[in-house]
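All values derive from a computational prediction rather than experimental measurement.
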Amino acid sequence: MAITALQLITNSMRLLGAVASGELPTTDEQNDALVVLNDLLDSCNNKGLVVFANSNSAFSLIGGQQSYTIGPTAANFTAARPVGIEYAFVTYNTLDFPLRLLTQQQWNAITLKSFQAPIPNSLYYVGEYPLGVINIWPIPSAAMTITLSVNMQFSPLPTLASSIAYPPGYAKWLRYQLACELASEFKLPVPSEVKETAREELGDIQAANRQQPVSNFDTALTGGQSIGIAGFLGGY
């Protein structure tokens, strides 16, 4: 479903009783509300379960190189700067090898960061701004492809006529959540039913976007192989 920024703002302000049916906010109110709307969309990028999809992007690793910048103006990986990386793998001789996503503490614990090997097994992402930094370990000794799975981001709306598109289930939440945000901006009371509806709709979106975790057994118990429950019960 698609709607313009002005339509969304007007619908949200109507929930607050700030405008009547058929009326539009004043020009100043429209411009102020657009700032609030863009702040709301930007904050959604830090709420993983609000983001409705993630996408795979493939890039090239260079033999002997460990660190790569990523962002719209990056010299290495030209793409939107990720808030975080959900999953990653490298492709070597047509086979895909998952990379373990490291925390800063785990990265710091690696004593020989300059170690090289044919196939890396770990990735540490530093969310610097405006460019993120991706560190690979061990350093691959030859060129290969890396695929990153990252959350899609909500883009800001440059004008009131800009269209915002979202999948089913988001229209009501955005309208009611924006109403709560605009009430704070314009010092208006928030009807309890608006606040409660925004909370309920957010819960529905998060539940729909939540992915079921994949259970695996410790490799020490499975002969060095990471298998799921079905494989374990099947004797694999």
Side-chain angles (χ1 to χ4, degrees), residues 44-155 209-236:
C44 288
N45 293 325
N46 288 326
K47 299 178 176 65
L49 290 179
V50 176
V51 179
F52 52 85
N54 48 38
S55 59
N56 284 352
S57 298
F59 305 98
S60 296
L61 296 180
I62 300 171
Q65 181 172 330
Q66 182 169 68
S67 297
Y68 301 82
T69 55
I70 182 169
T73 60
N76 303 128
F77 301 163
T78 304
R81 171 194 169 276
V83 175
I85 296 175
E86 300 296 311
Y87 189 80
F89 63 88
V90 294
T91 302
Y92 181 81
N93 287 343
T94 73
L95 297 177
D96 294 335
F97 296 87
L99 297 177
R100 186 166 61 118
L101 302 180
L102 303 181
T103 64
Q104 182 175 2
Q105 183 177 5
Q106 291 171 322
W107 173 256
N108 292 345
I110 297 175
T111 55
L112 186 59
K113 294 182 176 62
S114 60
F115 177 66
Q116 292 195 23
I119 305 173
N121 59 42
S122 301
L123 180 151
Y124 171 51
Y125 176 64
V126 183
E128 295 181 358
Y129 186 84
L131 302 178
V133 179
I134 293 172
N135 298 284
I136 307 296
W137 191 86
I139 302 172
S141 53
M144 64 183 64
T145 299
I146 183 172
T147 300
L148 306 176
S149 178
V150 301
N151 285 334
M152 296 178 64
Q153 298 188 28
F154 290 86
S155 300
N209 290 341
R210 183 174 291 110
Q211 297 185 13
Q212 294 298 322
V214 178
S215 298
N216 288 301
F217 289 90
D218 193 303
T219 55
L221 301 176
T222 57
Q225 302 180 47
S226 179
I227 63 174
I229 293 177
F232 182 81
L233 296 177
Y236 297 102

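Counting only residues at least two apart or on different chains, the side-chain hydrogen bond (donor to acceptor under 3.5 Å, both in side chains) pairs with a member in residues 62-72 are Ser67-Asn135, Thr69-Asn76. Pairs of residues two or more places apart, or lying in two chains, never qualify as ring-ring contact (aromatic ring centres under 6.0 Å, His included) while including a residue from residues 132-152.
A pairwise comparison of heavy atoms in Ala88 and Leu101 identifies CB-CD2, 4.4 Å as the closest pair. Pro140 approaches Leu61 most closely through the heavy-atom pair CG-CD1, 4.2 Å. Listed here is the closest heavy atom pair of Arg81 and Pro72: N-CD, 4.0 Å. Shown here for Thr147 and Ala58, the closest heavy-atom pair between the two residues is OG1-CB, 4.0 Å. Between Ile70 and Ala80, the shortest heavy-atom distance links the atoms CG1-O, 4.4 Å. Taking each heavy atom of Ile136 and Pro138 in turn, the nearest pair found is CG2-O, 3.8 Å.
In this structure, OG1 on Thr145 lies 11.0 Å from CZ on Phe59, to the nearest 0.5 angstrom.
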Table please: side-chain donor-acceptor pairs of residues 104-114 below 3.5 Å, with sequence neighbours left out.
residue	atom	partner	partner atom	Å
Gln106	OE1	Thr103	N	2.9
Gln106	OE1	Thr103	OG1	3.4
Asn108	ND2	Gln104	O	3.3
Lys113	NZ	Trp107	O	3.3
Lys113	NZ	Ile110	O	2.8

Please tabulate, for side-chain N and O atoms in residues 116-127, each donor-acceptor pair with protein atoms closer than 3.5 Å (sequence neighbours left out).
residue	atom	partner	partner atom	Å
Tyr125	OH	Pro82	O	2.6

Acceptor/donor pairs from residues 92-99 side chains to any protein atom, 3.5 angstrom cut, sequence neighbours excluded:
residue	atom	partner	partner atom	Å
Asp96	OD1	Thr91	OG1	2.7

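Residues satisfying the side-chain contact (heavy atoms from CB on, under 4.5 Å) test with Ala143, not counting sequence neighbours, are none.
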